[in-house]
Amino acid sequence: MKKSRKQTNGIQIITRIMVIILILLCIALAAVIFFKLKDTDKSVSDEVPGAADSEQTSAADPVHTLAVQDMAIGTVVDKAQIDMTRLDQYFVANEIGEDVFQFINGRSFVENENISREQLRYLKVLHYNFNHEVQVGEIIVNAGIAEDVRNIFRELFEQEYEIASMSLIENFWTGDGVSSDKNSIENNNTSAFNYRTIAGTDQLSNHALGYAIDVNPLQNPYVAYNADGSFREVYRDMERYIDRANGEAHMISHEDVCYQIFTKYGFTWGGDWTDPIDYQHFEKNPG
């Protein structure tokens with residue numbers, strides 16, 4: 001049976017309407033996809049600059065992973081690793097740990113009635129060496145002055161003050177406290193605690209109680225005379241540095257920042273003594 005013209009036209013209209021609706025749906029779907037992709041692009045573009053900023057921050061600010069307590073004495077440190085806004089973390093004072101005690105026991109420390117292990121503190125610090133490199137140092141002092149000493153070496157570091165060497169006297173041990181001290185001096189080592197007598201006497205040194213520190217001893221010699229005018233103790237290059245006006249580097253004077261910082265914390269200087277004169281020596285006994 002043939003369809004009437006009216007039926008045919010109706011089908012065509014319906015077909016066209018459906019096509020139009022389909023086209024509109026496609027357009028709507030395309031629009032949704034378009035705006036969705038646009039939002040995604042915007043989100044990604046917003047995140048990327050943040051990542052770039054983060055990378056720039058990382059490049060500008062070094063990652064501070066330096067752990068002084070885990071580093072060997074004398075290790076030279078890249079200055080870029082140091083957080084100059086948080087220097088205290090590189091200047092630490094602790095009780096004498098078992099490893100350190102085993103190293104010093106029977107050497108600079110002996111059983112005695114004047115000072116105990118518990119009355120001492122082990123400090124690990126940073127300092128500039130004579131090549132103006134930053135390196136790790138150590139020292140043992142009395143607990144009563146440990147905080148002062150920690151602050152002193154931090155302030156010396158801030159001033160970029162140069163210290164040739166800074167390690168325990170055991171690294172120069174020759175069998176007894178007095179001769180080991182001389183060996184430490186002749187290696188220009190800055191040190192403190194050493195249970196010994198004063199050189200040339202039977203009197204207990206303030207080093208024996210951890211109250212004294214010797215700084216850059218070659219450039220700052222211990223000068224004592226016998227009755228005949230000869231030196232009581234002779235150290236390498238000492239005559240070169242007896243003339244305190246010769247302008248040599250690393251010699252301590254009243255104008256030197258080392259003197260100024262130590263005395264700020266109540267230390268007295270052996271360079272102000274008359275007999276002996278001990279230019280390397282700072283001491284403080286808090287009583």
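Since the structure is predicted, the reported quantities are computational estimates derived from the model, not experimental observations.
A search for side chain to side chain donor-acceptor pair (under 3.5 Å) contacts involving Y195 returns N114, not counting sequence neighbours. A search for salt bridge (Lys or Arg N to Asp or Glu O under 4.0 Å) contacts involving D214 returns nothing, not counting sequence neighbours. Partners of E283 under the salt bridge (Lys or Arg N to Asp or Glu O under 4.0 Å) rule, at least two apart in sequence or in another chain, do not exist in this structure. E155 meets the side chain to side chain donor-acceptor pair (under 3.5 Å) test with K264, Y265; sequence neighbours excluded. Residues forming a salt bridge (Lys or Arg N to Asp or Glu O under 4.0 Å) with K124 (at least two apart in sequence, or on another chain): none. Annotation: side chain to side chain donor-acceptor pair (under 3.5 Å) contacts of T190 (sequence neighbours excluded): none. Applying the ring pair (Phe, Tyr, Trp, His ring centres under 6.0 Å) test to F157 and every residue at least two apart in sequence or in another chain returns F91, Y128. Listed by chain and number, the residues in a salt bridge (Lys or Arg N to Asp or Glu O under 4.0 Å) with R244 amount to none (sequence neighbours excluded). For the side chain to side chain contact (heavy atoms under 4.5 Å, CB included) test, residues two or more places apart in sequence or in another chain that qualify with N131 are N129, E133.
Pairs of residues two or more places apart, or lying in two chains, that qualify as salt bridge (charged side-chain N to carboxylate O under 4.0 Å, His left out) and include a residue from residues 143-153 are D88-R150, E147-R150, D148-K284. Within the structure, the salt bridge (charged side-chain N to carboxylate O under 4.0 Å, His left out) test picks out the following pairs touching residues 158-181 (sequence neighbours left out): K79-E160, D181-R196.
Side-chain atoms of H250 and N220 include no donor-acceptor pair closer than 3.5 Å. Using modelled atom types, one finds no donor on one side chain facing an acceptor on the other under 3.5 Å when comparing Y222 with Q280.
Side-chain contact between F262 and I252 is absent, with no heavy atoms from C-beta onward closer than 4.5 Å. The closest side-chain heavy-atom distance from M166 to I139 is below 4.5 Å. Using a 4.5 Å heavy-atom cutoff, the side chains of L87 and I82 are in contact. Counting heavy atoms from C-beta outward, V223 and F231 have side chains that approach closer than 4.5 Å. I140 has its side chain within reach of V100: a pair of non-hydrogen atoms, C-beta onward, lies under 4.5 Å apart.
To the nearest 0.5 Å, atom CG of residue L120 and atom CZ of residue F109 are 6.5 Å apart. Taking CG from N189 and CD1 from I169, the interatomic distance works out to 6.5 Å, rounded to the nearest 0.5 Å.
V76 belongs to no multi-residue hydrophobic cluster, having no ILVMFWY side-chain contact under 4.5 Å with any other such residue.
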